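Have a look at the structure below before the remarks.
To find a chain, count down the sequence lines: A is the first, B the second, and so on, and within it residues start at 1. Note that the structure is a prediction, hence the values are computed from the model and not measured.
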Protein chains: 2
Amino acid sequence: MGPDKIPIEAPSDREAHLKRATRNFVTSEDVARLAGVSRSAVSRTFTPGASVSADVRHRVQEAAKTLGYRVNRLARSLISDQSNLVGVVGANLSLPFMARQLDELSRALLRRGMQCLLLNAAEAEQGITPLIESILEFRVRAIVVMSGSPPSSIIDECVANGVRVILVNRQADDAEADTIISDDLGGARIAAERLLRAGCRCIGVVGSGARTPTQIRRRVAFADSIRDAGLEPIVWASGETTYETGIEAAKGLLASHDLDGVFCVTDLLGLGFLDGAREAGRRIPEDLSVVGFDDIPQSAWASYRLTTVRQSMNDLTGSVLSAIEREMHGKGTALAHEILPVELVERATVRPAT
Amino acid sequence: MGPDKIPIEAPSDREAHLKRATRNFVTSEDVARLAGVSRSAVSRTFTPGASVSADVRHRVQEAAKTLGYRVNRLARSLISDQSNLVGVVGANLSLPFMARQLDELSRALLRRGMQCLLLNAAEAEQGITPLIESILEFRVRAIVVMSGSPPSSIIDECVANGVRVILVNRQADDAEADTIISDDLGGARIAAERLLRAGCRCIGVVGSGARTPTQIRRRVAFADSIRDAGLEPIVWASGETTYETGIEAAKGLLASHDLDGVFCVTDLLGLGFLDGAREAGRRIPEDLSVVGFDDIPQSAWASYRLTTVRQSMNDLTGSVLSAIEREMHGKGTALAHEILPVELVERATVRPAT
DNA sequence: ATCAGATTTGCACACGTGTGCAATGCTTGC
DNA sequence: GCAAGCATTGCACACGTGTGCAAATCTGAT
């Protein structure tokens, strides 16, 4: 402001002062100056496989340590156009299954030298499109969606920009996204078979009011299996996907029906159902057999010992990671459409097979 | 690159081809060309409060939509030196308390327009210093540490670079970090008083083998309170901080001592202890009273109904956020040292006061 | 029609880094 | 001693964006 009559040094001085005031990060230029080399040498020192003499490398590292230099990844990504960021979209992070999923994923990403940009979709009233857009602004390497259902338009935009979209237990029919889902249909069938083998004749299925593909697949597949056996299942499907809903389902269902077998599409619902059923005076598994889905840690606790269908967490994160690491080859890149196997974990909430 | 004899168009052609090959992101230059304006106009259109005519703004927005333009935050942060990233360090993300903490924090950050860079400290054998260093490379606005104990040297480096470090339920005595901890001492005292009021005379305290400040504070403060009442507490302190350790503690402790009151420094330990105690034939709360700490969701479940000391999650994330948003003023910036109040949640695992 | 003032626009530089290219220095073999 | 070859180094440009400054355009009042 008014640089007209100020002596030459002033602006640079002013600049220097400004720098001290707002900009405190050490740059490679600072390091270069202290080490008495060019900026290129500094850059090369921190670039694996670049050509630097041992002497220079040493001096640079020394100077860097003295000054506390950290390479600016923003600038580096800007030029190499390859940030090692991975965007992760998830909601209900405190629910045991989601929490474990995120724990494993974030750990695996770090192990592979990637960073995890976490976006909580809990308050995304207008869908997760805005979230994905904001992730895109970071030029991420890939986006993992564990919650919500992205419209295929935004997925196409990601793909057009060379960003893989990986849907975990989600579905987007004709979009160019990798999808990795556990075998809901198979799992539901296994649960039905187990209950039938236990001799159950009056069977219910408990879901929440959520209309997620996972919920629907499990519910429908189970109901179909029961009908195949000539029985008509009693369905509960309202409320949130929580422990409390499980309790309500038990109270509601058991008041009007004398069920002897129930499949809860989620362990959390299952645990609530167990508590609700006990409160209603049912003995488990003598009066009533219960099967869950997911195998969250709490299902193994002594007060529950819930028989359930397990999703292999290892397989899941493994598949996600290999999808991320697969290279993109333009639009027609091969997409993964994996369906991961599940297995029944026998505990104590289902009568032995007759 | 030999611009001497090559016709003018050639380089730009070659460049264009290169762009198509490796670089698929749309830039502001592309938008400007399509809209028939300068690149500055594009930049200003996406900068709130900048001076652009309605006409230009409209044309730019139209072009941006057609091309699918997203501003490159890396480049933006590079110049403004203000990324809205916040680094979060945490381990054991699947443990209920940590999961809830992360859920709330990530949600709050997003609501304030900040992004969450999540680093899982689970596999940080050599401490979390390397993690913090790598966060620093992203020029984050602040770092929230929920796990591990950063040496003060790295904290000082963060502060020197204008990056706030916020320790949640952690401690770093003389370092320049904001620390936000819940009132472990007060909570432990409340737990002790409650057990004493219930008439307990043979009292135990259960912790894990972890040497975290939180664990130690709670254990010591509780033991001191018990001793003040003229009793000598029985201490258990080994294993990981899990449900299973709680069971083992119950089996180990109850085999040799006839306890009538126990304080578990973590709800997870407490729930395990309850199941272990029941298995050992103790009736709760008739024979044995149990108090936990944290108030995780599972503590309210019907099979447990654990009386516990609650940390207010709202207060916690609120304090973290206000610390992040407080401006940095060089080295001598005022630091927060908050101790958040706790409260006893009465459920069903402690005998009524006599 | 003219001119002052306000608004809009484009130029050019800055941010911190990676890297091709040419120049420099060093080694080696004769 | 000299030339050839090779490792090392510095220069300069590129990445995509924000913004001060001056030029250009528009507005409105005389």
Discussion item. Does either side chain, that of B:Asn92 or that of A:Asp103, offer a donor lying less than 3.5 Å from an acceptor on the other one?
Written reply: no
How is [X] classified with respect to the nucleic acid when contacts are heavy atoms under 4.0 Å: base, sugar-phosphate, or nothing?
| X | answer |
| --- | --- |
| A:Val52 | sugar-phosphate |
| B:Phe46 | nothing |
| A:Val42 | nothing |

Worksheet entry | Side-chain N,O (A:Ser51) to OP1/OP2 (D:dT8) below 4.0 Å | yes
Worksheet item: Taking only N and O in the side chain of A:Ser43, is any of them less than 4.0 Å away from OP1 or OP2 of C:dG18?
Response: yes
Could you check how far [atom1] of [X] sits from [atom2] of [N], rounded to whole Å?
| X | N | atom1 | atom2 | value |
| --- | --- | --- | --- | --- |
| A:Glu29 | D:dC11 | CD | C1' | 13 Å |
| A:Ile79 | D:dC15 | CD1 | C1' | 5 Å |
| A:Arg76 | D:dG16 | CZ | P | 18 Å |
| B:Glu137 | C:dT17 | CD | C1' | 12 Å |
| B:Asp55 | C:dT9 | CG | C1' | 12 Å |
| A:Leu74 | D:dA14 | CG | P | 22 Å |
| A:Asn161 | D:dG16 | CG | P | 12 Å |
| B:Phe138 | C:dT17 | CZ | P | 14 Å |

Worksheet item: Would you call A:Arg70 and B:Glu157 a salt bridge, using N to O less than 4.0 angstrom?
Response: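 A salt bridge links A:Arg70 with B:Glu157.
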Looking only at side-chain atoms of [X], point me to the closest of [options].
| X | options | result |
| --- | --- | --- |
| B:Ser53 | C:dG18, D:dT9, C:dT8 | C:dT8 |
| B:Leu78 | D:dG18, D:dG10, C:dC15 | C:dC15 |
| A:Thr47 | C:dT9, C:dG18, D:dA7 | C:dG18 |
| A:Asn72 | C:dT9, C:dG16, D:dG18 | C:dG16 |
| A:Ser40 | C:dT17, C:dG10, D:dA12 | D:dA12 |
| A:Tyr69 | D:dG16, C:dG18, C:dT17 | C:dT17 |

Under 3.5 Å donor-acceptor pair, [X] side-chain atoms to [N] base atoms:
| X | N | value |
| --- | --- | --- |
| A:Arg70 | C:dG16 | no |
| B:Arg73 | D:dG16 | no |
| A:Thr27 | C:dC15 | no |
| B:Arg139 | C:dG16 | no |
| B:Arg39 | D:dG18 | yes |

Discussion item. Please compare B:Arg44 and B:Ala75 by the position of their nearest nucleotide in DNA chain C and report the one closer to 5'.
Written reply: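 In this pair, the answer is B:Arg44.
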Worksheet item: Given side chains that start at C-beta, do those of B:Val88 and B:Ile135 come closer than 4.5 Å, heavy atoms only?
Response: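 No - every pair of side-chain heavy atoms lies 4.5 Å or more apart.
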Item to complete: Could you walk me through whether B:Tyr69 and B:Phe25 pass ring pair (Phe, Tyr, Trp, His ring centres under 6.0 Å), step by step?
Response: CA-CA 8 Å; B:Tyr69 169 70; B:Phe25 279 96; over 10 Å; no
Worksheet item: Are there more than 12 heavy atoms of other residues, nucleotides or ligands under 6.0 Å from atom NE2 of B:His58?
Response: no
Worksheet entry | Under 3.5 Å: donor-acceptor pair, side chain of B:Ser83, backbone of B:Arg139 |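 Yes; judged by distance alone, with no hydrogens or angles, the pair exists.
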